[in-house]
Amino acid sequence: MSASPIYLDNNATTRAMPAALAAAQTAMAEVFGNPSSGHCTGLVARQMLMKAREYTAQVLDSGEGQLIFMSGATEGIQSAVFSALMNIRQRRERGEPVGRLLVYGATEHKAVPEALRHWNAVLGLDLEVRALPVCGHGQHQLEVLAQWMADTALLCTMAANNETGVVSDLVGIERVLTAHNPAALWLVDCVQALGKLPLKLRQTRMDYATFSGHKLYGPKGIGLLYVRAGSPYTAMMAGGGQEGGLRAGTENMPGIAAWGAVMQALLEGRTFQPGSRLLAHREQLARALSTAFSGVVFNAPFSLAVPTTLNFSVPGVSSNTLLALFDAAGVRVSAGSACSAAKAEPSYVLVAMGLPEWQTTSAVRLSFGPLDEPALIERACAAIVRCGEVLVHARDHDAPTVSLPPASISRPKADADQTLLPVAALTWGELAALLNQHPDTRVVDVRENYEHLAGTPQAFASQVVNVPLDRLDQHLLDWLAEPARPVVFFCRTGNRSHQAAQQLLRKGHPHIRHLAGGLALS
Ligand code: PLP
């Protein structure tokens, strides 16, 4: 395993930048006052809050619009949808003409359609929630929008997609909206655009825009909703009147301070890599992927996407296989969106783009950030090329295991008795102690061979044998023949090793253990 992981999953979340960490710490340890307090300790905190909002207003060029701090983009989306639907209900009650469609881009983050359905049901509006199709490149079909717009009460379109990085044609969307239904409300999810695209909110017609701190080097639990001056807003949180009565609850000051630090860095423009460098990084990574994986296909055109997101598929290799291979090599990427990472389902974003099934089920998203230095990208490229070599090697020597996702090959053979037996679970420290006490311990890596080849812990590499879960049967007799010799299974997460331990325990081996939490906790 490489010493420090190469984190390329910035669209899922980012680490906090040093200035954000320092600001959060200051807000907790020094400027810890309640910004609603009238004494000086509170006033200093209030000043910090106002500064953060001021920086944000400059970055977003938000003009007269409201900037409301919230817990994240999901809350911002709820608040915008709730506000819009309350307004639609009031207009309907007044007998004003109002559309019956709630339209969202087919590739929106799930928070958007789910919020639309939820609040539509809660408020009993019975409006139709309808997905606006996208073209093969992932952009909204504006000719369809033009047909639907007159009957649309609320339109939701993201600025940049989290899976593909594809940038929406917001100018084109706005043109359709103003031409066909200027009274319609418009929400734009700007989460993946912040810091990557210029956002001049004052110059747009959008009513609501949502942002999230943890997607750009701030902490989780802080986000922001922009509400255009004069656009309807109904608070979801009532209480002590914080945020000008727009969002009650004592402010998340560490989060707000950290957010403010990120905004300040954006304004100053020195901390983040320039756009030309980001383009160069994408080129480098794309070249490495093409070298590593023959036939690799990029699932969105680079010309339409933010440079920091690459979405690709490799023929004959599932997302899960690539994910496990990259993870073993210390490269953190994701298959589609983080929320659905546990499910081996095709990416709904790529399905909406009409891509062939093999591409939608083998897609991998690699996302770097504007703080990533050239040295990290170089390390990433070297690791990617090595992953490609490992895959070829594994394929040549062990064809059947390569094209199948670990999830589908790792199921143990059906035992008549499926009762779970208690397995001794070791921590890393306990494993080290066991190896000291019993140097003859069999340490068995039950991951697939390509994962094993891509990265095995240096600490006990010489003692490890690789026996993927579906080959366990071939070794059981040997291991049972030496019952005094301990066997320790390990894998990536502790799941497959637990299954392996069950199998051997059932056969009656007395000294079986597995590494709890797997290599992930090393
Ligand atoms: N919208 C997009 C495009 C996202 O990528 C995410 C995060 O996954 C969200 C909304 C939700 O953001 P948060 O985690 O702040 O609720």
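For ligands, and for the atoms within them, numbers begin at 1 and follow the listed sequence. Everything numeric in this text was worked out from a predicted model, so none of it was measured.
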Worksheet item: Which ligand 1 atoms are under 4.0 Å away from a heavy-atom of G72?
Response: 15 (O)
Fill in: ring pair (Phe, Tyr, Trp, His ring centres under 6.0 Å) pairs, two or more places apart, involving residues 221-252
none
Worksheet entry | Check: R100 and L127 side chains under 4.5 Å, non-hydrogen atoms | yes
Item to complete: Give the ring-plane orientation class for F312 versus F293, where under 30° counts as parallel, over 60° as perpendicular and anything between as tilted.
Response: parallel
Worksheet item: Hey, is H214 one of the residues with a heavy atom under 4.0 angstrom from ligand 1?
Response: yes
Discussion item. Determine whether N311 and E163 satisfy the following criterion, side chain to side chain donor-acceptor pair (under 3.5 Å), listing intermediate values before the conclusion.
Written reply: CA-CA 7 Å; N311 192 306; E163 288 193 31; 4.7 Å; no
Worksheet, complete the sentence: Ranking V191, D189, I222 by closest non-hydrogen atom to atom 1 (N) of ligand 1, top hit is D189
Worksheet item: Is the closest heavy atom of K215 to ligand 1 under 4.0 Å?
Response: yes
Worksheet item: Do any nitrogen or oxygen atoms of T74 come within less than 3.5 Å of a nitrogen or oxygen of ligand 1?
Response: yes
Worksheet item: Of Q192, M70, M158, which has the heavy atom at the shortest distance from atom 5 (O) of ligand 1?
Response: Q192
Discussion item. Show the atoms of ligand 1 that are less than 4.0 angstrom away from any heavy atom in S212.
Written reply: 13 (P), 15 (O)
Please list, one pair per line, the donor and acceptor atoms closer than 3.5 Å that link side chains of residues 273-281 to other protein atoms, with sequence neighbours excluded.
| from | atom 1 | to | atom 2 | distance (Å) |
| --- | --- | --- | --- | --- |
| Q273 | OE1 | R277 | NH1 | 2.6 |
| Q273 | NE2 | D372 | O | 3.1 |

Worksheet item: Mind checking whether R282 and L310 have side chains closer than 4.5 Å, heavy atoms only?
Response: yes
Worksheet item: Do A73 and ligand 1 have an N or O pair less than 3.5 Å apart?
Response: yes
